[in-house]
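Within every chain, numbering begins at 1; the chains are lettered A, B, ... in the order of the sequence lines, protein sequences first and strands thereafter.
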Amino acid sequence: MPQTFQEAGAGARSTAPGMPQEKTQVDRKRRMAALAFADEATLEAEAARLADAFSYTFLRRPEAGLVMLEGRAGNSGQRFNVGEMLVTRCVVRLEPQGSGTATEGYAFIQGNRPRHAELAALFDALLQQADWAESLDRSLIAPLMARRAATLKKRAEETAPTKVDFFTLARGEDE
Amino acid sequence: MYVAVKGGEKAIRNAHRLLAEKRRGCPDVPEVEIAQIREQLSLAVDRVMAEGSLYDRDLAALAVKQARGDLVEAIFLLRAYRTTLPRFGSSQPVDTAAMQVRRRISATYKDIPGGQVLGPTFDYTHRLLDTDLAMPADTDLASSAVSEALQKNEPSASFSGLCPKVLSFLEQEGLLSPEVGTDVPPGDLTRQPLELPAERDVRLQNLARADEGMLLALAYSTQRGFGGTHPFAGEIRMGEVEVFFTPEELGFPVVVGEVTLTECESVNQFVGGKGRPATFTRGYGLVFGENERKAISMALVDRALRCGEYDEEARGPAQNAEFVLYHSDNVEASGFLQHLKLPHYVDFQADLSLVRALRRKAEKESNDA
């Protein structure tokens, strides 16, 4: 299922996912996107459900900062800075269960949302561990993707009735 | 002579206390919440984000509340706040062709793939005050009216919000000068002060955060003949664009979120001759939030400022980069303007004694004559 609107609509500038070795990265990007668009309460509930099954430490505590948003003149020309957006960053280190290796989870979340960023980073770390990935894909990522798709669909449905249906009045001379 | 003046602390404290009371207004009226401003005064929030040059609806709504609805003051608050934050990096250039449009119109073609999509526009409203709004609406009624309209419109079910760019049709025919960019990182006015001559990247950044009223007046002046460039609204689109950012640590782009943008691409008077085929020129406007008036103004002023590229004589203020770019920022402008309120007691004493001396001299001369 496409996660971002760009994937869904094959946005003009999206990069082709060609290389097979990049598959895990593509998966991770999709999961991170799902976590970015998630609502905090869902992440909180999922974390509570799994509580005590893992331990993590902060490599970077949640911190608000800026990402400069770029555009292009005419959407294809000279790059320019449109303005900044507020983003919360968090990085965690997750200790492995049993024999696995530790993983680092990253989150860059729009707005000042420290708890969202912390939970998103935690799930990014969990999803990189084979023991967790499959079950979390089912219990968390798939529902989040479905919700995002529903949001996009609802928006389109709200807008669709405002599309103009032109008609031309018959003027008689053709008859 | 400089005379240090102290005092006034108590008066200032009391003034701030009074300001807080006036901000709150009559205590019998419920206090406005940030969420209410964000949701119900969303265009004020959009303007503050655009000119504050910081996209965050909650912070902008807070700024509107704190500034008692003075949007220029709110913009100042946002600009001041951003200086306290670290910069994580720059996004990939947003792709407005991949925008999920909520409004998209063209004044150059009637029939365009994707269609003319009006969205939530003030256009075609009668601009009559709606006294019904004076009382809170029955929300159940309002929402059922929307869903009813949705159910009636089954044929549009295929509309996803993805529409091709109108100007690409003209571009493919070679009738429009193409926009070709390099991958050179753009200049950044938040890091380097404005220098002239300014390249288009810096000009566009300046215009994107420029005062809306200033841009509107300049754009209007070009329409009235002060450097006119005969614009058509080739395409105006508004909607959500996803923002991709490549963190250094990861090395691949991740979605950070999505922002609402308004974009205007203007088609302007053609150039050609001397062996070159006639080709339309273009201007570009891209601003945070829903703000069509500003996006159109930006496109017109961008095109006016490109007069040098097309060997046009700069006849109007909008074509004068120094005039436009140095006076467009309302935080700078309002700061310099309002510094006039600071004590100028000594400066004024100097002028006063000079005027008195001149008058005495003139009086003496006329008496002597």
Side-chain angles (χ1 to χ4, degrees), chain A residues 3-6 8-15 22 25 28-29 32-34 36-37 63-87 89 91 104 106-112 152-153 155-166, chain B residues 50 53-56 58-59 82 85-98 100 102 110-111 115-119 149-150 153 156-157 159-162 165 179-181 185-186 188 200-201 204-205 208-209 242-243 245 247 249-250 252 254-257 259 265 282 284 286 288:
Chain A
Q3 169 51 23
T4 69
F5 183 72
Q6 287 210 8
R13 207 176 281 153
S14 57
T15 44
E22 285 177 4
Q25 197 180 86
R28 186 164 175 211
K29 277 154 77 172
M32 287 179 81
F37 288 121
E63 175 191 27
L66 302 168
V67 168
M68 178 56 95
L69 194 136
E70 285 190 18
R72 283 184 182 274
N75 200 42
S76 57
Q78 174 79 57
R79 281 163 61 184
F80 71 99
N81 292 313
V82 186
E84 287 159 318
M85 66 188 284
L86 193 65
V87 168
R89 167 176 70 184
V91 186
E104 289 179 7
Y106 284 78
F108 291 83
I109 305 296
Q110 182 170 15
N112 185 11
L152 295 173
K153 183 161 175 282
R155 235 188 249 154
E157 282 172 353
E158 274 174 5
T159 306
T162 71
K163 190 167 151 180
V164 181
D165 287 324
F166 285 108
Chain B
S53 205
L54 176 59
Y55 196 102
D56 190 80
D58 289 312
L59 285 180
R82 72 158 284 284
L85 297 169
R87 169 88 64 88
F88 295 154
S90 287
S91 78
Q92 292 185 344
V94 290
D95 183 6
T96 56
Q100 186 182 30
R102 285 191 289 127
K110 177 166 74 70
D111 296 306
Q116 306 267 359
V117 180
L118 301 183
L150 289 178
N153 266 277
S156 307
F159 177 83
S160 70
L162 190 72
K165 304 279 280 182
E179 292 274 21
V180 183
D188 186 355
R200 192 155 173 233
D201 55 345
L204 286 170
Q205 183 184 12
R209 52 193 246 150
E242 288 165 353
V243 180
F245 166 62
E249 310 93 308
L250 291 180
F252 60 85
V254 296
V255 174
V256 176
V259 294
E265 294 199 81
R282 60 208 284 178
Y284 191 64
L286 184 69
F288 281 165

Engaged part of [X] at the chain A interface, taking heavy atoms whose separation is under 4.5 Å:
X      : value
B:Q116 : both
B:F245 : side chain
B:R209 : neither
B:V256 : both
B:D188 : both
B:Y284 : side chain

Report the option among [options] that has the most heavy-atom pairs separated by less than 4.5 Å from atoms of chain B.
options                      : value
A:Q110, A:M85, A:K153, A:E84 : A:E84
A:N112, A:V91, A:V67         : A:V67
A:Q78, A:M68, A:M32, A:E104  : A:M68
A:G77, A:A36, A:A107         : A:G77
A:G65, A:G74, A:G111         : A:G74

Is any side-chain N of the basic residue among B:E179 and A:R72 closer than 4.0 Å to the acidic one's carboxylate O?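 Salt bridge flag = no for A:R72 with B:E179.
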Can you find a heavy atom in the side chain of [X] that is under 4.5 Å from one in the side chain of [Y]?
X      : Y      : result
B:R102 : A:E158 : no
A:Y106 : B:V254 : no
A:R89  : B:E249 : yes
B:Q205 : B:P186 : no
B:R82  : B:R87  : yes

Please flag which part of A:I109 lies under 4.5 Å from any non-hydrogen atom of chain B: side chain, backbone, both or neither.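 Only the backbone of A:I109 comes within 4.5 Å of chain B.
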Inter-residue atom distance A:L69.CG - A:N81.CG, 0.5 Å rounding: 9.0 Å
Rounded to the nearest 0.5 Å, how far apart are CD of A:E63 and CG of B:L85? 8.5 Å
Out of B:G89, B:A50, B:A208, B:P247, which one racks up the most heavy-atom pairs below 4.5 Å with chain A?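 Most heavy-atom pairs within the cutoff with chain A belong to B:G89.
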Cation-pi, A:F166 ring and B:K110 (6.0 angstrom, 45 degrees):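 Flagged: B:K110 positioned over aromatic ring of A:F166.
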